[in-house]
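Comments concern the structure below.
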Amino acid sequence: MSTILTSQPSAKGRPDDAREVLGRRLRSLREAKGLTPIEAGRHIGGSGSKISRIEWGRIKAKADDVYQLLFLYGVTDPHERKALLELARRLETRQWWDAYGDLLDGWFCSYLVLESIAQHIRTYEVRFVPGLLQTPAYAEAVIRLHHTDPDQVRRRVDVRMQRQHALLNNKTPQLWAVIDQAALAEAALPDGIAGPKVMRDQIAFLEKAIQHRNVNIQILRPGAGGRVGVATSFSLLRNKGLPDVAYLEHIGSAFFLDDPTVSEPYEITMSRLAVAAGRPEDTPQILTEALKAIGGE
């Protein structure tokens with residue numbers, strides 16, 4: 001059964017893709033136990049139809065129902081139980097990003113749900129500094145490439161900064177970012193979008209970010225990405241209790257790949273990128289060189 005999700009335009013703020021990630025895992029556990037939807041539904045005082053709708057991400061799965069289903073399915077691994085229950089709770093209860101539900105596409109809300117329970121985030125960026133590590137001015141410049149309404153731009157920057165706050169003020173998740181060196185050049189952003197000061201401040205922020213224990217940055221020298229055979233940005237979200245999710249974002253949509261047979265090539269590619277890139281301990285020197293190349297203040 002394919003577990004590749006290609007997000008389609010969906011209701012604003014509705015994390016359907018994340019619901020499907022949870023539902024597919026519950027379906028896999030039920031089928032491994034040899035139970036029918038009717039039998040599972042009876043266990044939680046519902047119907048087979050309710051189980052099917054949960055498994056297809058059509059309705060929210062209450063955390064209490066998930067707890068009962070995990071007991072029925074004989075799930076004893078503490079990491080898996082914790083991950084699935086936490087995912088169910090995030091989907092069931094209001095989260096901070098719900099205040100932006102009128103602004104954010106459902107597929108991005110799904111990413112925020114999965115990011116919020118991730119213990120490890122590995123990301124490769126070809127053109128830009130990763131969103132989690134952007135300054136407000138840099139984030140505004142990037143967002144303005146696709147959005148023009150000032151209020152929307154401001155609120156999207158707010159979302160990015162709240163994600164960053166959660167990262168830098170907690171021990172988890174662990175962020176491992178591989179950034180193409182070209183993203184650190186003044187010319188990385190189109191003329192008129194941002195000036196050299198924005199890039200200087202952004203690089204200075206990266207110098208501070210790597211001082212956090214849960215942030216590692218590697219810089220990929222020019223041409224190294226081509227030798228690895230990758231030309232697109234992607235992220236890998238890991239939680240001990242769930243299969244890794246490879247996430248590829250496009251304009252207006254995204255891919256969520258949570259089948260290990262499909263996400264494995266991205267795991268391999270990320271490992272190769274880490275080998276091809278400069279060592280984390282080399283990053284401060286590379287950032288210093290990038291600052292000198294921009295010049296100015």
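Only this structure's heavy atoms are used, side chains among them; waters, hydrogens and symmetry mates stay out.
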Practice prompt. Return the set of residues passing ring-ring contact (aromatic ring centres under 6.0 Å, His included) with H120 (not counting sequence neighbours), or none when no residue passes.
Written response: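 ring-ring contact (aromatic ring centres under 6.0 Å, His included) list for H120, sorted by chain: empty.
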Worksheet item: Quick one: ring-ring contact (aromatic ring centres under 6.0 Å, His included) partners of Y138, sequence neighbours excluded?
Response: none
Item to complete: Go through the steps to decide whether Q95 and T93 satisfy the test side-chain hydrogen bond (donor to acceptor under 3.5 Å, both in side chains), and finish with yes or no.
Response: CA-CA 6 Å; Q95 304 297 323; T93 59; 3.1 Å; yes
Hey, could you give me the [atom1]/[atom2] distance between [X] and [Y], rounded to the nearest 0.5 Å?
{"X": "I51", "Y": "E39", "atom1": "CD1", "atom2": "CD", "answer": "11.0 Å"}
{"X": "L91", "Y": "E86", "atom1": "CG", "atom2": "CD", "answer": "10.0 Å"}
{"X": "L287", "Y": "E289", "atom1": "CG", "atom2": "CD", "answer": "9.0 Å"}
{"X": "R42", "Y": "S47", "atom1": "CZ", "atom2": "OG", "answer": "11.0 Å"}
{"X": "K292", "Y": "I294", "atom1": "NZ", "atom2": "CD1", "answer": "13.5 Å"}
{"X": "M161", "Y": "L132", "atom1": "CE", "atom2": "CG", "answer": "9.0 Å"}

Search all heavy atoms of [X] against all heavy atoms of [Y] and return the closest pair with its distance.
{"X": "A139", "Y": "R160", "answer": "CB-CD, 3.8 Å"}
{"X": "F128", "Y": "L145", "answer": "CZ-CD1, 3.6 Å"}
{"X": "Q174", "Y": "R213", "answer": "OE1-O, 3.5 Å"}
{"X": "A63", "Y": "A88", "answer": "CA-CB, 4.1 Å"}
{"X": "S116", "Y": "R90", "answer": "OG-NH1, 2.7 Å"}
{"X": "K60", "Y": "E92", "answer": "NZ-O, 3.9 Å"}

Is [X] reaching over with its side chain to a backbone N or O of [Y], donor-acceptor style, under 3.5 angstrom?
{"X": "T172", "Y": "Q119", "value": "no"}
{"X": "D16", "Y": "G106", "value": "no"}
{"X": "D105", "Y": "W107", "value": "no"}
{"X": "Q134", "Y": "Q202", "value": "no"}
{"X": "D258", "Y": "V245", "value": "no"}
{"X": "Q218", "Y": "A274", "value": "yes"}

Item to complete: Just grab all the salt bridge (Lys or Arg N to Asp or Glu O under 4.0 Å) pairs involving residues 61-74, residues at least two apart or on different chains.
Response: K50-D65
Worksheet entry | Listed once per pair and sorted, the salt bridge (Lys or Arg N to Asp or Glu O under 4.0 Å) pairs that draw on residues 123-143, sequence neighbours left out | none
With clusters defined by side-chain heavy atoms of hydrophobic residues (ILVMFWY) lying less than 4.5 Å apart, directly or transitively, does [Y] cluster with [X]?
{"X": "I143", "Y": "V159", "answer": "no"}
{"X": "V129", "Y": "V157", "answer": "no"}
{"X": "W176", "Y": "I268", "answer": "no"}
{"X": "V262", "Y": "L236", "answer": "yes"}
{"X": "I210", "Y": "I203", "answer": "yes"}

Fill in: Member of R25, R30, R24 meeting the side chain to side chain donor-acceptor pair (under 3.5 Å) criterion with E55
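When R25, R30, R24 are each tested with E55, the side chain to side chain donor-acceptor pair (under 3.5 Å) holds only for R30.
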Worksheet entry | With S52 via side chain to side chain donor-acceptor pair (under 3.5 Å) - residues at least two apart | none
Discussion item. So, using side chain to side chain donor-acceptor pair (under 3.5 Å) as the criterion, who are the partners of S263 when residues are at least two apart?
Written reply: none
Worksheet item: Does W56 have R27 sitting over its ring (NZ/CZ under 6.0 Å from centre, angle to axis within 45°)?
Response: yes
Fill in: Trace of the side chain to side chain contact (heavy atoms under 4.5 Å, CB included) decision for L84 with L242
CA-CA 8 Å; L84 290 170; L242 294 170; 3.4 Å; yes
Practice prompt. Check the angle between the aromatic planes of Y111 and F108 and answer parallel, tilted or perpendicular using the 30° and 60° thresholds.
Written response: parallel
Non-hydrogen side-chain atoms of [X] and [Y] separated by less than 4.5 Å:
{"X": "D180", "Y": "Y124", "value": "yes"}
{"X": "L87", "Y": "L114", "value": "yes"}
{"X": "I44", "Y": "L69", "value": "yes"}
{"X": "L85", "Y": "Y67", "value": "yes"}
{"X": "I286", "Y": "R221", "value": "yes"}
{"X": "L26", "Y": "L70", "value": "yes"}
{"X": "P243", "Y": "D259", "value": "no"}
{"X": "L167", "Y": "I121", "value": "no"}

Worksheet entry | Which residues share a salt bridge (Lys or Arg N to Asp or Glu O under 4.0 Å) with R155, sequence neighbours left out | D102
Practice prompt. Verify side chain to side chain contact (heavy atoms under 4.5 Å, CB included) between D282 and I219, making sure each step is shown before the conclusion.
Written response: CA-CA 8 Å; D282 296 333; I219 308 300; over 6 Å; no
Worksheet entry | Any pair counted as side chain to side chain donor-acceptor pair (under 3.5 Å), so long as it reaches residues 239-250, sequence neighbours left out | R238-D244, Y247-E249
Discussion item. Going by side chain to side chain contact (heavy atoms under 4.5 Å, CB included), name the residues that satisfy it together with P265, two or more places apart in sequence or in a different chain.
Written reply: none
Worksheet item: Who are the side chain to side chain contact (heavy atoms under 4.5 Å, CB included) partners of L168, not counting sequence neighbours?
Response: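 Residues passing side chain to side chain contact (heavy atoms under 4.5 Å, CB included) with L168: Q164, F205, H212, V215.
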Item to complete: State whether the number of non-hydrogen atoms from other residues, nucleotides or ligands found under 6.0 Å of I38 atom CD1 is greater than 12.
Response: no
Side-chain donor-acceptor contacts of residues 71-79 below 3.5 Å, not counting sequence neighbours, with atom names and distances?
| unit_1 | atom_1 | unit_2 | atom_2 | d |
| --- | --- | --- | --- | --- |
| D77 | OD2 | H79 | N | 3.1 |
| D77 | OD2 | E80 | N | 2.8 |

Practice prompt. Among residues two or more places apart or on two chains, list those pairs meeting ring-ring contact (aromatic ring centres under 6.0 Å, His included) that have a residue in residues 262-283.
Written response: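 For residues 262-283, and leaving out neighbouring residues, the ring-ring contact (aromatic ring centres under 6.0 Å, His included) pairs sorted by first residue read F234-Y266.
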